Amino acid sequence: GLPRDGVELTPMDMERLALAKRIKKSKKRMPIAPKVVRHQDIRRFAARVLGELPHGDVAQQLALALADGDGEVRMAAADSLARIGARPGTLCDDVSAAILTALGTADRDLKLLLLRALAGCPGEDAIVALRGYLVDEDSFLRSEAIRGLSNLARVGPEIDDLLGDPDPSVRLCAAEAIAMEKAERAIPALVDFALSFEGYHGKQAAGLLRELDAAAAGGLFLNVLRDPAYKRAWAIAIPALGTLNEQKA
């Protein structure tokens, strides 16, 4: 039923035909499985698996891998060292030195793992490095530094300043570290923390105080309720007292 003279093409049809001629017939296809050089994959796998072997010689070999040219090998080695160093003091001075050297050129993701590994390193150099990251502009690095110092039982008064950190996760991490320290300043510091930021961390701080000394913390919250100057904080102190007096499961 087509006319003998054919179909007349509009200017739009002609433009589409010209465009179709410019498009290549072959289409690129993504490979189902990415090509991985076998020897590189084996090295990365080995660096990950060695974290299950908490031996000194293994840790030293992983420390050497922190200077490897393959970024994935460095990441796997740092992760394994962090797992081996989960117990404080399990990594020797040579490993600690290698971690500190790697920190100087590491990107942010690698630094997180290296700071975690420092929690298993002895010596003042590791402590100094962790304290330096308490003022880092990255909140994740600040939190990791707090955890490292806490694991090494080297939390000092400098952590108290982080109870007022702009990042909520850093503030809570600092509060948990202070609670684990169980120092005399912990209870008044955590009571003040519970009342700060309009009670943002009130329930969490009260939970930490309940594990420390519920009676002493309760007395401080009652003092707040007795003082009209703190009337605005009464709405925070009352639920905090409720949390303190909850029966443990």
Side-chain angles (χ1 to χ4, degrees), residues 31 33-155 159 162 165 167-177 180-181:
K35 293 182 179 180
V36 179
V37 181
R38 184 172 299 176
H39 74 275
Q40 290 181 348
D41 192 45
I42 292 174
R43 294 171 64 248
R44 296 166 186 170
F45 178 75
R48 287 192 294 269
V49 172
L50 287 175
E52 304 299 324
L53 302 174
H55 303 298
D57 53 347
V58 172
Q60 289 184 339
Q61 291 301 315
L62 287 169
L64 293 175
L66 293 177
D68 194 273
D70 188 328
E72 291 190 38
V73 171
R74 294 196 300 271
M75 288 289 291
D79 180 65
S80 290
L81 284 171
R83 284 183 282 145
I84 292 175
R87 293 175 297 172
T90 54
L91 300 177
C92 67
D93 292 337
D94 292 341
V95 175
S96 177
I99 293 172
L100 292 172
T101 300
L103 270 172
T105 56
D107 58 18
R108 181 257 198 176
D109 292 336
L110 183 57
K111 281 182 179 179
L112 283 171
L113 295 172
L114 292 173
L115 289 177
R116 201 169 298 165
L118 276 182
C121 295
E124 288 299 315
D125 289 341
I127 304 299
V128 171
L130 287 169
R131 285 177 177 162
Y133 279 95
L134 292 177
V135 295
D136 194 271
E137 60 183 18
D138 189 305
S139 62
F140 287 93
L141 295 179
R142 294 199 300 274
S143 294
E144 204 60 58
I146 294 170
R147 294 189 191 98
L149 290 169
S150 180
N151 290 338
L152 289 167
R154 295 296 297 270
V155 172
I159 300 295
L162 293 171
D165 193 272
D167 190 278
S169 62
V170 176
R171 296 197 298 262
L172 183 58
C173 192
E176 291 170 346
M180 288 182 63
E181 188 190 13

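Here the structure is a predicted model, which means the values were calculated and not measured.
In plain terms, the two heavy atoms of A78 and L110 that are nearest each other are CB-CD1, 3.6 Å. Closest approach of L81 to A59, counting heavy atoms only: CD2-O, 3.6 Å. When all heavy atoms of A76 and R48 are compared, the pair lying nearest together is CB-CG, 3.5 Å. Nearest heavy-atom pair, A47 versus L62, reported as atom, atom and distance to 0.1 Å: O-CD2, 3.7 Å. The nearest pair of heavy atoms linking R154 to E124 is NH1-OE2, 2.9 Å. Residues L50 and V58 share a closest heavy-atom pair of O-CG1, 3.6 Å.
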Distance-only criterion, 3.5 Å: show the donor-acceptor pairs between side-chain atoms of residues 168-176 and protein atoms not counting sequence neighbours.
| unit_1 | atom_1 | unit_2 | atom_2 | d |
| --- | --- | --- | --- | --- |
| S169 | OG | D167 | OD1 | 2.3 |
| R171 | NE | H201 | NE2 | 3.2 |
| R171 | NH1 | D165 | O | 2.8 |
| R171 | NH1 | P166 | O | 3.3 |
| R171 | NH2 | H201 | NE2 | 3.4 |

Tell me, with the steps shown, if L134 and I159 meet side chain to side chain contact (heavy atoms under 4.5 Å, CB included).
-> CA-CA 8 Å; L134 292 177; I159 300 295; 3.9 Å; yes
side-chain hydrogen bond (donor to acceptor under 3.5 Å, both in side chains) between S150 and R147: does it pass, once the steps are laid out?
-> CA-CA 5 Å; S150 180; R147 294 189 191 98; over 6 Å; no
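Under the 4.5 Å side-chain criterion, counting only non-hydrogen atoms from C-beta, V95 is not in contact with I84. At least one side-chain heavy atom of V73 sits less than 4.5 Å from a side-chain heavy atom of R44. Looking at heavy atoms from C-beta onward, F140 lies in side-chain contact with R108 at the 4.5 angstrom threshold.
Every side-chain contact (heavy atoms from CB on, under 4.5 Å) that L100 has, sequence neighbours left out, goes to S96, L103, L118, D125, A129.
We find that E72 and R43 are not joined by a salt bridge, their nearest charged nitrogen and carboxylate oxygen being 4.0 Å or further apart.
T105 OG1 to K111 NZ: the interatomic distance, rounded to the nearest 0.5 Å, is 9.0 Å. Here OG of S143 is found 8.5 Å from CG of L162. Values are rounded to the nearest 0.5 Å. Distance check: L130 CG to R116 CZ gives 12.5 Å after rounding to the nearest 0.5 Å.
Between E144 and the choices L113, L115, L149, L114, the side chain to side chain contact (heavy atoms under 4.5 Å, CB included) rule is met once, by L115.
Side-chain atoms of R74 do not come within 3.5 Å of backbone N or O of A67 as any donor-acceptor pair.
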